[in-house]
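The next block holds one structure in the form of structure tokens; read it before the comments.
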Amino acid sequence: MKSKNRIIIFVIILMIFNSISGLAAAPSNAATKLKGYGVYIGRDNFKKLKKESAGKKTIVIEGQSFNKKQIKSLKKNGRKVYSYLNVGALEEYRSYYDDYKDLCLSVYENWTDESWVDVTSEKWQTFIGDKLAKKLAAKGISGLFLDNCDVYYHYHTDEVYEGLITILEKLKKYGIDIIINGGDVFVSRLIKDGKWSLITGVNQESVFSRIINYDNDTFGTQKKDEKKYYTSYLKKVAAKKLKVFLLEYTKNESLKKKIKKYCKKHGYKYYISGSLALK
């Protein structure tokens, strides 16, 4: 009986020890908890991408550059992985450029290898909404990071607006997040028309910072009237319970602090880059 009692006592002590050990390990797990936001468009080396994005809760990548297994790996620990998708312009380096170059409208200012595209074209709508987005969704991405809805600003017609709406409706069927990068004029009309449920949120570039020279990464502080416009716009977006992300370009430490303070106050996520290459 004494031998059995010793065994029972030993087991109880062991259980208590394991419980205490588990509690002691908790801070370590909490310390590695993912947080923050990062934009890594342009990274096509998976190992470097994984290393650079370590610790970020939400990341934006070029989904066309990675396979399903790699994206699954990036999504560990509940991370959200958004894929870049250019809906309003077409880049010359894309493998599908020759198939759709006839839809190009004009060269994109400051990006000579890219042109605005005719989003009213059923051919383009089908390609983006039914083919390209379908492939990205099949890879298991959390959502789409849509670029160049600003085509509506440059070609301000009801037809262009409706063309973008058609694309959004096609994307909606995949049941994933849809983030609009820029496109404030388009998003403002979505809100006015009561159609904001077609998107999950917006990413706004250069609210506090300003790009002065695209060739040598020279940045400055955003003009007061522009800053006022964007902060007011983002309040309207947030009021509709849409997510808000900021992408800023600056090397100025004082400006970085202002951006962080502003985003913390309003519950926005942000990413600050010291280069247009998003490094």
Side-chain angles (χ1 to χ4, degrees), residues 28-87 89-97 108 110-114 132-148 176-182 201 203-206 209 211 213-219 243 245-253 255-256 259-260 263 268-279:
S28 175
N29 291 335
T32 58
K33 186 178 179 181
L34 296 174
K35 61 181 182 179
Y37 172 55
V39 183
Y40 304 97
I41 301 167
R43 308 292 197 283
D44 56 7
N45 183 298
F46 182 69
K47 288 184 178 179
K48 288 184 178 180
L49 169 64
K50 199 167 185 178
K51 183 178 180 180
E52 285 187 50
S53 64
K56 297 294 185 183
K57 177 70 174 178
T58 303
I59 63 173
V60 181
I61 66 170
E62 177 57 85
Q64 295 181 61
S65 299
F66 305 102
N67 59 43
K68 185 175 183 178
K69 183 178 180 181
Q70 291 171 322
I71 290 175
K72 183 179 180 180
S73 177
L74 290 172
K75 288 176 68 180
K76 285 183 178 179
N77 301 320
R79 167 188 273 169
K80 283 205 168 189
V81 179
Y82 295 132
S83 173
Y84 178 86
L85 181 60
N86 197 343
V87 299
L90 178 63
E91 308 97 328
E92 292 180 5
Y93 64 82
R94 295 293 185 184
S95 61
Y96 47 80
Y97 174 76
Y108 197 126
N110 296 311
W111 303 97
T112 56
D113 66 341
E114 189 170 353
L132 189 52
K134 183 178 181 179
K135 290 180 180 179
L136 291 170
K139 291 182 179 183
I141 58 169
S142 309
L144 295 166
F145 184 88
L146 306 186
D147 201 13
N148 291 318
I176 54 180
D177 289 354
I178 298 175
I179 305 297
I180 302 284
N181 180 45
N203 178 83
Q204 184 57 55
E205 297 183 74
S206 302
S209 60
I211 302 169
N213 190 304
Y214 282 77
D215 296 322
N216 59 13
D217 283 343
T218 302
F219 310 117
K243 295 180 181 180
F245 302 84
L246 269 67
L247 176 54
E248 301 283 354
Y249 303 95
T250 185
K251 301 169 188 175
N252 185 304
E253 294 302 321
L255 187 57
K256 288 180 183 180
I259 295 167
K260 293 175 183 179
C263 289
Y268 302 160
K269 294 182 180 180
Y270 65 89
Y271 183 61
I272 303 172
S273 175
S275 75
L276 287 173
L278 298 171
K279 294 181 179 178

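The residues of the chain are indexed from 1 along the displayed sequence. Values in this document were obtained by computation on a predicted structure and should not be read as measured data. As a basis for the values below, the full set of heavy atoms in this structure was taken, side chains included, without hydrogen atoms, waters or symmetry mates.
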Can Y84 and D147 be counted as having a side-chain donor-acceptor contact under 3.5 angstrom?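 Judged by distance alone, the side chains do pair up.
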
Side chain to side chain donor-acceptor pair (under 3.5 Å) against E91, all qualifying residues, sequence neighbours excluded: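 So E91 forms a side chain to side chain donor-acceptor pair (under 3.5 Å) with N86, R94.
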
Which residues pass the side chain to side chain donor-acceptor pair (under 3.5 Å) test with K251, sequence neighbours left out?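 Partners of K251 by the side chain to side chain donor-acceptor pair (under 3.5 Å) criterion come out as none, since no residue qualifies.
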
Could you work out, with salt bridge (charged side-chain N to carboxylate O under 4.0 Å, His left out) as the rule, every residue matching K256, not counting sequence neighbours?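 Checked K256 against salt bridge (charged side-chain N to carboxylate O under 4.0 Å, His left out); matches are E253.
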
How far apart are the closest heavy atoms of [X] and [Y], and which atoms are they?
X: E92; Y: T112; result: OE2-O, 3.9 Å
X: Q64; Y: S83; result: N-OG, 4.4 Å
X: F66; Y: R43; result: CZ-O, 3.1 Å
X: I176; Y: S142; result: CB-O, 3.4 Å

Derivation and outcome, side chain to side chain contact (heavy atoms under 4.5 Å, CB included), residues K50 and L74: CA-CA 7 Å; K50 199 167 185 178; L74 290 172; 4.3 Å; yes

Residue pair S53, R79: steps toward the side chain to side chain contact (heavy atoms under 4.5 Å, CB included) verdict: CA-CA 11 Å; S53 64; R79 167 188 273 169; 3.8 Å; yes

Is the closest side-chain heavy-atom distance between [X] and [Y] below 4.5 Å?
X: I61; Y: I141; answer: no
X: Y271; Y: Y40; answer: yes
X: L49; Y: Q70; answer: no

State the [atom1]-[atom2] distance between [X] and [Y], to the nearest 0.5 angstrom.
X: I180; Y: F145; atom1: CD1; atom2: CZ; answer: 10.0 Å
X: T250; Y: L255; atom1: OG1; atom2: CG; answer: 4.5 Å
X: I71; Y: L136; atom1: CD1; atom2: CG; answer: 7.5 Å
X: I211; Y: Y249; atom1: CD1; atom2: OH; answer: 5.5 Å
X: L276; Y: T218; atom1: CG; atom2: OG1; answer: 9.5 Å
X: N45; Y: K51; atom1: CG; atom2: NZ; answer: 11.0 Å

Using side chain to side chain contact (heavy atoms under 4.5 Å, CB included), reason through F219 and S209 one step at a time and then give a plain yes or no. CA-CA 7 Å; F219 310 117; S209 60; 5.5 Å; no

Test item: K57 side-chain N/O and G78 main-chain N/O as donor-acceptor pair under 3.5 Å: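 Judged by distance alone, yes, a pair lies under 3.5 Å.
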
Could you go through the side chain to side chain contact (heavy atoms under 4.5 Å, CB included) check for C263 and L246 one step at a time? CA-CA 8 Å; C263 289; L246 269 67; 3.9 Å; yes

Describe, in one word, how the ring planes of W111 and Y214 are oriented to each other, choosing from parallel (under 30°), tilted (30 to 60°) and perpendicular (over 60°).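 W111 vs Y214 ring planes: perpendicular.
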
What orientation do Y82 and F245 show, parallel under 30°, tilted 30 to 60°, or perpendicular over 60°? perpendicular

